[in-house]
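The analysis underlying the following values was restricted to heavy atoms, covering all of them including side chains, and did not include hydrogens, waters or symmetry mates.
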Amino acid sequence: MRVAIVGATGAVGKELIKVLEEREFPLDELRLYASARSAGTTMTFRNQELTVELTPEGPIPADIVSASAGGGVSKKWARTWAGEGAVVVDNSSAWRYDPEVPLIIPEINPRAAKNHKGIIANPNCTTAILAVALWPLHRAFGAKNVVVSTYQATSGAGAEGMQELLDETRSFLDGKPVGHKVFQHPIPFNVIPHIDSFQDNDYTREEMKVVWETRKIFGESGMKISCTAVRIPTLRAHSEAATVIFERPVSPAAAREVLASAPGVEVVDEPARARYPMPLTATGKWNVEVGRIRQNLAFDNALDFFVSGDQLLKGAALNTVQIAELLV
Ligand code: A2P
């Protein structure tokens with residue numbers, strides 16, 4: 001089993017190397033690829049120094065290629081890599097909406113991965129974190145309408161986004177002008193309701209990814225979902241506040257029971273002890289934290305809940321490795 005990571009030096013790539021090691025993924029060879037900027041540098045895997053190679057303009061000798069170098073690279077090269085016999089697990093949005101490409105969260109639709117034709121897509125991080133908690137509730141009570149607002153970390157914009165938060169916060173504290181490159185506006189001490197580009201319907205593409213991808217992963221093309229996606233000045237782990245109207249009778253206690261045995265979920269819901277999902281506690285965890293589960297006061301038969309999940313793990317690297325585990 002030969003595994004290659006394209007974008008190994010990025011925020012997701014670095015996590016991938018760690019997750020492969022921690023889950024003792026059965027691989028014989030790991031090859032790391034990035035751009036010319038970091039080709040020749042070394043990274044550690046299983047106590048071995050591996051040299052980062054320049055991503056080739058052509059085939060990659062691997063059985064599984066994890067592509068985490070952005071949509072442009074994936075769009076251009078995934079088919080070539082797949083044509084040489086590799087299965088490409090793609091982290092970008094380049095292939096997610098292609099009907100021939102399965103979009104997989106192993107806790108939800110593992111069987112769909114079997115139908116791949118060389119490319120399997122990894123969902124958007126915000127979608128993945130919500131879906132892991134929403135799926136068991138949907139199965140039990142039938143989710144009819146879903147309204148979600150997100151609190152997304154700078155890690156969603158990669159290593160550069162995290163660095164911008166640190167650098168610009170330092171500028172602010174030093175009394176220097178606060179700039180921005182990765183984000184549309186200065187990120188320190190701000191919230192920005194703009195992630196990805198605006199669409200004709202006035203939603204952003206990030207918001208529509210949650211709609212399109214949840215429907216595809218659940219196999220529910222008509223599910224009614226609305227999202228407001230917001231960037232906040234945290235380093236990593238996305239949070240989301242969800243309101244869900246159900247078809248069948250539901251209660252917070254019944255929901256808690258369902259979630260308690262759901263894979264990929266950790267119920268953190270003890271308000272009296274100030275225990276609820278938060279980015280600081282969700283960071284580094286494989287499971288998505290779910291809490292603040294309560295009866296919604298505005299709609300009948302509806303629940304509110306709050307989730308926090310590590311954007312770089314369940315939202316990216318961990319889900320990729322879980323997909324690779326399905327393949328072996
Ligand atoms: P490099 O470190 O050489 O720039 P992030 O999402 O954290 O920004 O990381 C992006 C990853 O994708 C990095 O590993 C980066 O490598 C890599 N990358 C960016 N552009 C290319 C490209 N054109 N070809 C191959 N790898 C790329």
Side-chain angles (χ1 to χ4, degrees), residues 1-78 80-82 84 86-94 122 125 153-171 179-183 187 234-237 283-284 286 310-324:
M1 174 58 63
R2 299 163 306 163
V3 175
I5 301 176
V6 178
T9 52
V12 173
K14 284 180 185 154
E15 291 302 321
L16 258 165
I17 295 171
K18 276 197 245 165
V19 176
L20 286 170
E21 189 163 328
E22 283 165 18
R23 290 177 77 92
E24 296 179 5
F25 186 81
L27 60 80
D28 305 303
E29 182 187 62
L30 179 64
R31 295 180 77 145
L32 308 177
Y33 296 96
S35 77
R37 216 159 54 112
S38 43
T41 59
T42 58
M43 300 178 82
T44 309
F45 175 70
R46 292 182 185 157
N47 297 320
Q48 264 187 297
E49 295 282 295
L50 301 181
T51 302
V52 177
E53 300 173 64
L54 180 65
T55 307
E57 303 250 315
I60 283 184
D63 301 301
I64 296 176
V65 175
S66 162
S68 301
V73 173
S74 294
K75 192 98 225 160
K76 192 158 174 204
W77 294 109
T80 304
W81 300 333
E84 294 294 312
V87 181
V88 179
V89 183
D90 185 37
N91 254 310
S92 78
S93 60
N122 203 43
C125 44
T154 53
S155 55
E160 271 184 75
M162 298 163 88
Q163 198 55 47
E164 182 159 311
L165 172 62
L166 295 173
D167 292 344
E168 298 307 329
T169 302
R170 196 167 291 121
S171 296
H180 61 94
K181 268 206 315 262
V182 176
F183 303 110
I187 186 70
T234 50
L235 273 179
R236 93 184 238 184
T283 291
W286 286 351
D310 193 314
Q311 178 272 329
L312 296 174
L313 291 176
K314 189 58 202 171
L318 173 62
N319 203 67
T320 295
V321 175
Q322 287 176 299
I323 291 172

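Between the CG atom in Leu312 and the CZ atom in Arg236 there is a gap of 4.5 Å [rounded to 0.5 Å]. Note: Glu160 CD to Lys181 NZ = 7.0 Å, rounded to the nearest 0.5 Å. Distance check, rounded to the nearest 0.5 Å: NZ of Lys14 to CD1 of Ile5 gives 12.5 Å.
At least one side-chain heavy atom of Phe183 sits under 4.5 Å from a side-chain heavy atom of Thr154.
Annotation: side-chain contact (heavy atoms from CB on, under 4.5 Å) contacts of Thr51 (sequence neighbours excluded): Thr42. By the side chain to side chain donor-acceptor pair (under 3.5 Å) test, Asn122 is found to be paired with Asn91, Asn319, Thr320, residues two or more places apart in sequence or in another chain being considered.
A donor-acceptor pair shorter than 3.5 Å cannot be found between the side chains of Asp310 and Thr283. For Glu49 and Thr44, the side-chain atoms include at least one donor-acceptor pair closer than 3.5 Å.
Residues Leu54 and Ala39 come closest through the heavy atom pair N-CB, 3.7 Å. Between Ala4 and Ala62 the shortest heavy-atom distance is CB-CB, 3.8 Å.
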- Item | Steps toward side-chain contact (heavy atoms from CB on, under 4.5 Å) verdict (Met1, Ile64) | CA-CA 8 Å; Met1 174 58 63; Ile64 296 176; 3.8 Å; yes

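Within 6.0 Å of atom CZ in Arg170, 12 or fewer heavy atoms from other residues, nucleotides or ligands are found, so the atom counts as exposed in its surroundings.
The list of side chain to side chain donor-acceptor pair (under 3.5 Å) pairs with a residue in residues 30-39, not counting sequence neighbours, reads Thr9-Ser38, Arg31-Tyr33, Arg31-Glu53.
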